[in-house]
Amino acid sequence: MVMIFLRTIIMYIFLVVVMRLTGKRQIGELQLSELITALLLSELAASPITNNNIPLCYGIVPILTLICIEIINTFIVTKSPALKRFFDGVPSILINKGVLDQKELAKTRMSIEELTAELRLKDIYDLSEVEYAILEQNGQLSATPKTAAKPLSVGDMSLVLPDKGIAHLLIVDGKISKYNLKLTGKTEIWLKKRIKAYGFANMDEVFLFTLDDSGGEYILRKTIK
């Protein structure tokens, strides 16, 4: 019985560490400890039911142990910032004051395509319009558009702005998207000229280059190799 108790605790801690290493995007809406508890509970509850050779106590004891751990963990993390960071993690600021943090993006293992897709779901169609983009502890992305990009601000000022449409990713991490290039009606020759106009010697130096439907361009230099 003691071994079951100890193995349950060891497996719990092991899964916490493993799930943390997989990155925030694997967590979903549940907090990390809650997700692991849910996964373990389903397995522990199923084993005694499906296998008559396994006594019920082999399922009851680990389940009670997990519930106690979760209750204690919930209480402790509110008192200890260090443990809260370990179990729940910390938010990752991907865009800070309009600047994309490429190192943080790589650390979370989120591609630029995934980031722009998440922003589009929030009605933000151009990275240059984002003031802050934060990957929260539960794996959800929160984003704040720049003041000038907020529809209400533009409407309140009675300004008539061109329809920018969507920002097309023409270069991502030094590689040309031929599909998006064709979609915008541009050629690689045109793209290379635009890159040189911004002072870049070659494509490998460019982390991101976008072109919206109104002709607006956004370029970002690669800061990590």
Side-chain angles (χ1 to χ4, degrees), residues 17-29 32 89-150 162-225:
V17 175
V18 171
M19 290 299 294
R20 175 57 59 205
L21 292 176
T22 62
K24 295 187 181 68
R25 290 185 294 118
Q26 306 299 325
I27 299 174
E29 295 184 359
L32 181 61
V90 295
S92 299
I93 303 178
L94 305 180
I95 300 179
N96 187 3
K97 296 181 180 179
V99 179
L100 177 65
D101 190 333
Q102 297 175 39
K103 289 184 178 180
E104 195 66 23
L105 190 67
K107 182 179 177 181
T108 59
R109 288 181 289 280
M110 173 179 278
S111 69
I112 193 69
E113 290 89 351
E114 290 174 309
L115 176 59
T116 54
E118 289 289 337
L119 291 174
R120 286 197 296 272
L121 293 175
K122 301 180 183 302
D123 295 325
I124 301 176
Y125 298 93
D126 196 330
L127 281 174
S128 62
E129 297 178 353
V130 183
E131 185 71 12
Y132 287 98
I134 303 172
L135 189 62
E136 306 292 353
Q137 294 100 318
N138 62 1
Q140 301 298 304
L141 183 73
S142 58
T144 303
K146 294 179 180 178
T147 302
K150 293 180 180 178
D163 187 5
K164 297 179 64 177
I166 187 174
H168 304 279
L169 307 178
L170 301 186
I171 299 178
V172 176
D173 199 13
K175 297 180 178 60
I176 300 175
S177 173
K178 294 184 178 180
Y179 173 81
N180 287 333
L181 197 62
K182 182 179 180 180
L183 196 64
T184 58
K186 302 298 183 182
T187 64
E188 291 190 24
I189 295 176
W190 173 88
L191 185 57
K192 291 177 180 179
K193 287 182 179 179
R194 295 306 302 151
I195 295 303
K196 290 183 179 179
Y198 282 102
F200 291 87
N202 53 65
M203 299 287 181
D204 293 335
E205 298 178 4
V206 181
F207 180 73
L208 180 67
F209 182 84
T210 68
L211 178 70
D212 62 40
D213 295 334
S214 67
E217 300 173 355
Y218 175 72
I219 192 167
L220 187 64
R221 183 179 296 275
K222 188 185 297 185
T223 58
I224 57 177
K225 301 297 184 180

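Residue indices begin at 1 and follow the sequence shown.
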Backbone N or O of E129 within a donor-acceptor pair of the D126 side chain at under 3.5 Å?
no
Answer yes or no on whether R221 is positioned over the face of F200, meaning its NZ or CZ is under 6.0 Å from the six-membered ring centre and within 45° of the axis.
yes
Under 3.5 Å donor-acceptor, K146 side chain and S128 backbone
yes
Side chains of Y132 and I95: closer than 4.5 Å at any heavy-atom pair?
no
Is a side-chain donor-acceptor pair under 3.5 Å present for S92 with E104?
yes
Please evaluate residues Y218 and L170 with respect to the criterion side-chain contact (heavy atoms from CB on, under 4.5 Å), reporting the C-alpha separation (whole Å), side-chain torsions for both, the decisive distance (0.1 Å), and the verdict.
CA-CA 10 Å; Y218 175 72; L170 301 186; over 6 Å; no
What pairs with Y198 under side chain to side chain donor-acceptor pair (under 3.5 Å), at least two apart in sequence or on another chain?
E217
Note, L115 side chain near L127 side chain (heavy atom, < 4.5 Å):
yes
Show the nearest heavy-atom pair for residues E114 and M110, with the distance to one decimal.
OE1-CA, 3.5 Å
Measure the OG-CG distance between S142 and L135 for me, rounded to the nearest 0.5 Å.
8.5 Å
Do L94 and T108 come close enough that some side-chain heavy atom pair is under 4.5 Å?
yes
Only counting residues at least two apart or in another chain, list the ones meeting side-chain contact (heavy atoms from CB on, under 4.5 Å) with K193.
I189
Identify each donor-acceptor pair in which a side-chain atom of residues 116-125 lies under 3.5 Å from a protein atom, sequence neighbours left out, and give them as a table.
from, atom 1, to, atom 2, distance (Å)
T116, OG1, I112, O, 3.1
T116, OG1, E113, O, 2.9
K122, NZ, L141, O, 2.7

Heavy-atom side-chain proximity of L100 to F207 below 4.5 angstrom:
yes
Non-neighbouring partners of E188 that pass salt bridge (Lys or Arg N to Asp or Glu O under 4.0 Å), sequence neighbours left out:
none
Reported CE-to-CZ distance for the pair M203 and F209, which is rounded to 0.5 angstrom
9.0 Å
Taking the side chain as every heavy atom from C-beta outward, state whether L191 and K186 have any pair of such atoms under 4.5 Å apart.
no
Indicate yes or no: at least one non-hydrogen side-chain atom of V206 is less than 4.5 angstrom from one of I195.
yes
Result block: side-chain N/O donor-acceptor pairs under 3.5 angstrom for residues 172-184, not counting sequence neighbours:
from, atom 1, to, atom 2, distance (Å)
D173, OD1, K222, NZ, 3.2
S177, OG, N180, N, 3.3
S177, OG, N180, ND2, 3.3
N180, ND2, L169, O, 2.8
T184, OG1, N180, O, 3.3
T184, OG1, L181, O, 2.9

Quick one: side-chain contact (heavy atoms from CB on, under 4.5 Å) partners of I93, sequence neighbours excluded?
N96, I134
side-chain contact (heavy atoms from CB on, under 4.5 Å), that's the test. Do D213 and H168 meet it? Break it down for me.
CA-CA 8 Å; D213 295 334; H168 304 279; 2.8 Å; yes
